[in-house]
J.: 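Mind having a look at this structure? Questions to follow.
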Amino acid sequence: MLCMKRFSIPNKSSSIDSFIASLVSSKLTMPKRKQRKVEEEDSTRTGTPKIDLISTLPDSLLCHILSFLPTRCAMATSVLARRWRHLWKDLLVLDLDNSKHSPYYLPGGTHRFIAFVNAVFAQSKAPHVKKLRLACDIPRGEKKTIKTWIHTVVGPHLQELYLDLSLPCNEFGNRDIKLPEEVLTSASLESLVLKGHMVLTVYDGFVDLPSLKNLELDLNYVDPEFVLDGCWALENLKLTLHESFPLNASDPPVIQMPGSLKRLTLIQADDTEEDLNDIEDLVIDTPLLEYLSITLWARCLQVSISNYPNMVEAHLDIDQDKEQVGWMLELLKALHQTKLLDLKLSTMECLLVAPAFELPEFSRLLNLELEIPYFNSGFLIKLLHNCHMLQVLTLHNREKVSTVEPEEPNCWTLPMKDPDCVISHLKIFEFKGYQDSADEHAFVAYLLERGPILKTMKIHAHRSLGLKYKHRIRQELSTIPRSSKTCKLKVT
């Protein structure tokens, strides 16, 4: 299923893009007489006749290759030869991207792009469309045109739909767009991405997407509760909350994640104000979850969490009041089986000022990344004691940008017992924003002296420290005896 990754991993088609581009450019720039002469010389030099392998491929395979290209590039191959002239018209995948950041942006205004897309649909001979990617700005008065395009591709064979549309406000100041009912009740749709400056109008009981595996919602406003209720088989969800969520601030929303989820990304967009919207109930009862990423500072009044025995990777950027910090601690305990744990600055600030709590044992954790508001060696050693298998540790001291200050200076104390990971598993240590405090220096020296299998230690000094100071740090750390004879120290 190569073509399934066309929209989710754009770099996947880079080699095909370059191949087609070189093929087109060589055919266009080289005269036919000279082209034949070059081919004859190649045949004479190698002693074998020159074979045009691509011409031996069946049309179905050529169409499959072209489906990895933006539609404009696929159409450009029509100049290669007579056989290629109408090949693109049989494509079952349409990639129509006219966003301003796209390398295939069509100059001349949005009306020119609309005329181009109309021509594509008018000349297409494909019996149906499996995948549509449409990204563009829609001028005022062209909303019906967009709906016509969507109606054209919607059907029992549509598997992937990607819409990134920017609509101007109407006379009432809104950007409402109502998708065709067939889109939100499609039995064949497996991936749905809706992005852009628009509002999606959805009614209770309107959504029924039994085959949907991937859903991404990044709209000005959409009530995720109504959408998620109709996605029974959903495995990957990326949900972005904007300032207009919820539309009625007097009625805090409930967000319940489907239990079938394996990947969840929940993002509160930067255009939201800190204390604007509360979430009445956030339900993440998803025991199959393997990947979790949360960026959230809206207050969650109630959170329901399950255990995540299959967790592989977790990224937490959560800021909550002291009254709500309890659910963060419960979430941390539920993530005890993860292999990668990334705690951002806001999360670490909450944990460091939280009432005394017992850290969970991360029995499978291999990679730990921490953004810390200030250096606290006591907390770090305590955490390392609970990460028995840890192989990679990354610290980023963000003290200069943090408003949180320790109640009293933190002084290094040699632990009575070395953490298991330090003496048996830790291979890579990276420290960003190193300020060379006594506590930091002692912690780094401890890892060098007690880490027998440490392979790499990278120290990135804080940008405020000059070159001479960095050179002194390098010299001082280089004199520390190392338990590992293969450890490489790098100070920048």
Side-chain angles (χ1 to χ4, degrees), residues 1-13 67-68 70-71 92-102 104 117 129-138 146-147 149-155 157-167 175 177-202 206-224 226-242 245 255 257-258 260-269 291 293 295:
M1 295 292 291
L2 291 174
C3 56
M4 290 293 290
K5 299 184 179 181
R6 170 65 187 92
F7 300 146
S8 58
I9 310 178
N11 291 334
K12 203 72 175 176
S13 63
S67 70
F68 286 86
T71 303
L92 304 180
V93 178
L94 297 179
D95 185 354
L96 305 166
D97 187 353
N98 200 50
S99 53
K100 293 182 179 178
H101 60 271
S102 170
Y104 306 104
V117 177
V129 173
K130 285 187 176 181
K131 303 172 189 177
L132 171 66
R133 185 179 191 274
L134 178 62
C136 61
D137 294 336
I138 307 302
I146 302 300
K147 290 184 178 180
W149 295 345
I150 298 174
H151 270 296
T152 302
V153 302
V154 170
H157 301 283
L158 184 64
Q159 297 177 358
E160 297 184 19
L161 179 61
Y162 180 111
L163 298 178
D164 186 355
L165 307 176
S166 180
L167 300 176
R175 296 184 172 100
I177 182 171
K178 186 176 180 181
L179 286 179
E181 183 175 346
E182 296 84 356
V183 173
L184 298 178
T185 58
S186 170
S188 62
L189 201 61
E190 298 177 3
S191 177
L192 177 61
V193 178
L194 300 176
K195 303 172 66 176
H197 302 289
M198 61 179 179
V199 177
L200 176 63
T201 305
V202 181
F206 180 69
V207 179
D208 184 16
L209 299 167
S211 301
L212 196 68
K213 303 292 185 182
N214 176 67
L215 175 63
E216 182 176 345
L217 297 176
D218 185 2
L219 302 171
N220 277 14
Y221 173 75
V222 62
D223 193 332
F226 290 154
V227 178
L228 297 178
D229 280 348
C231 304
W232 315 326
L234 196 63
E235 295 182 358
N236 180 34
L237 172 64
K238 184 176 182 180
L239 177 61
T240 302
L241 307 179
H242 289 270
F245 173 81
I255 303 179
M257 306 301 174
S260 57
L261 280 185
K262 294 183 179 180
R263 294 178 62 88
L264 171 61
T265 303
L266 179 61
I267 302 173
Q268 184 171 354
Y291 174 92
S293 178
T295 301

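In what follows, residues are counted from 1 in the order of the sequence shown. Note that this is a predicted model, so its numbers are computed, not measured. Just the heavy atoms: all of them, side chains too, but no hydrogens, waters or symmetry mates, feed the values below.
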J.: With sequence neighbours excluded, what pairs up with H151 under the ring pair (Phe, Tyr, Trp, His ring centres under 6.0 Å) test?
T.: none

J.: Report the distance from atom CG of L217 to atom CG of L228, rounding to the nearest 0.5 Å.
T.: 7.0 Å

J.: Can you measure from SG (C231) to CG (L192) and round to the nearest 0.5 angstrom?
T.: 8.0 Å

J.: Using 0.5 Å steps for rounding, measure from the OG atom of S67 to the NZ atom of K131.
T.: 6.5 Å

J.: Rounded to the nearest 0.5 Å, what separates atom CG in D208 from atom CG in D229?
T.: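 If I round to the nearest 0.5 Å, the distance is 11.5 Å.
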
J.: Taking all non-hydrogen atoms of both residues into account, name the closest pair between F206 and T185 and its distance.
T.: O-CG2, 3.3 Å

J.: Mind listing the closest non-hydrogen atom pair of L209 and V183 along with its distance?
T.: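 Smallest heavy-atom distance, with atoms named: CD2-O, 3.3 Å.
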
J.: Evaluate the side-chain proximity of S166 to I138: yes if any heavy-atom separation is below 4.5 Å, no if none is.
T.: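 No, too far: nothing below the 4.5 Å cut-off.
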
J.: Mind listing the closest non-hydrogen atom pair of P224 and L239 along with its distance?
T.: CB-CD2, 3.8 Å

J.: Quick check: do L163 and I146 have side-chain heavy atoms less than 4.5 Å from each other?
T.: no

J.: Checking D97 now: which residues fulfil side chain to side chain contact (heavy atoms under 4.5 Å, CB included) with it, not counting sequence neighbours?
T.: D95, S99, S102, R133, A135

J.: With sequence neighbours excluded, tell me which residues meet side chain to side chain donor-acceptor pair (under 3.5 Å) with T71.
T.: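 Once residues adjacent in sequence are excluded, T71 has no partner under the side chain to side chain donor-acceptor pair (under 3.5 Å) criterion.
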
J.: Given side chains that start at C-beta, do those of H242 and D218 come closer than 4.5 Å, heavy atoms only?
T.: yes

J.: Output every pair passing side-chain hydrogen bond (donor to acceptor under 3.5 Å, both in side chains) with a member in residues 231-241, not counting sequence neighbours, ordered by first then second residue.
T.: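 As it turns out, the side-chain hydrogen bond (donor to acceptor under 3.5 Å, both in side chains) pairs with a partner in residues 231-241, which skip direct neighbours, are N214-N236.
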
J.: So which heavy atom on N98 is nearest to which on Y104, and how close?
T.: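 Between these two residues, the closest heavy atoms are OD1-O, 4.3 Å.
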
J.: For the CG atom of L215 and the CG atom of L261, what is their distance to the nearest 0.5 Å?
T.: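 Between L215 CG and L261 CG, I get 9.5 Å after rounding to 0.5 Å.
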
J.: Look only at the side chain of S188 and the backbone of Q159, and say whether a donor-acceptor pair between them is shorter than 3.5 Å.
T.: no

J.: How close do K100 and D137 get, counting heavy atoms only, and between which atoms?
T.: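 Closest approach of K100 to D137, heavy atoms only: CE-OD2, 3.7 Å.
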
J.: At their closest point, which heavy atom of W149 faces which heavy atom of L134, and how far apart are they?
T.: CE3-CD2, 3.7 Å

J.: Got a second to check how far L132's CG is from Y162's OH, nearest 0.5 Å?
T.: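 If I round to the nearest 0.5 Å, the distance is 11.5 Å.
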
J.: Donor-acceptor pair, distance only, cut-off 3.5 Å: does the side chain of S211 make one with the backbone of A187?
T.: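 At least one qualifying donor-acceptor pair exists.
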
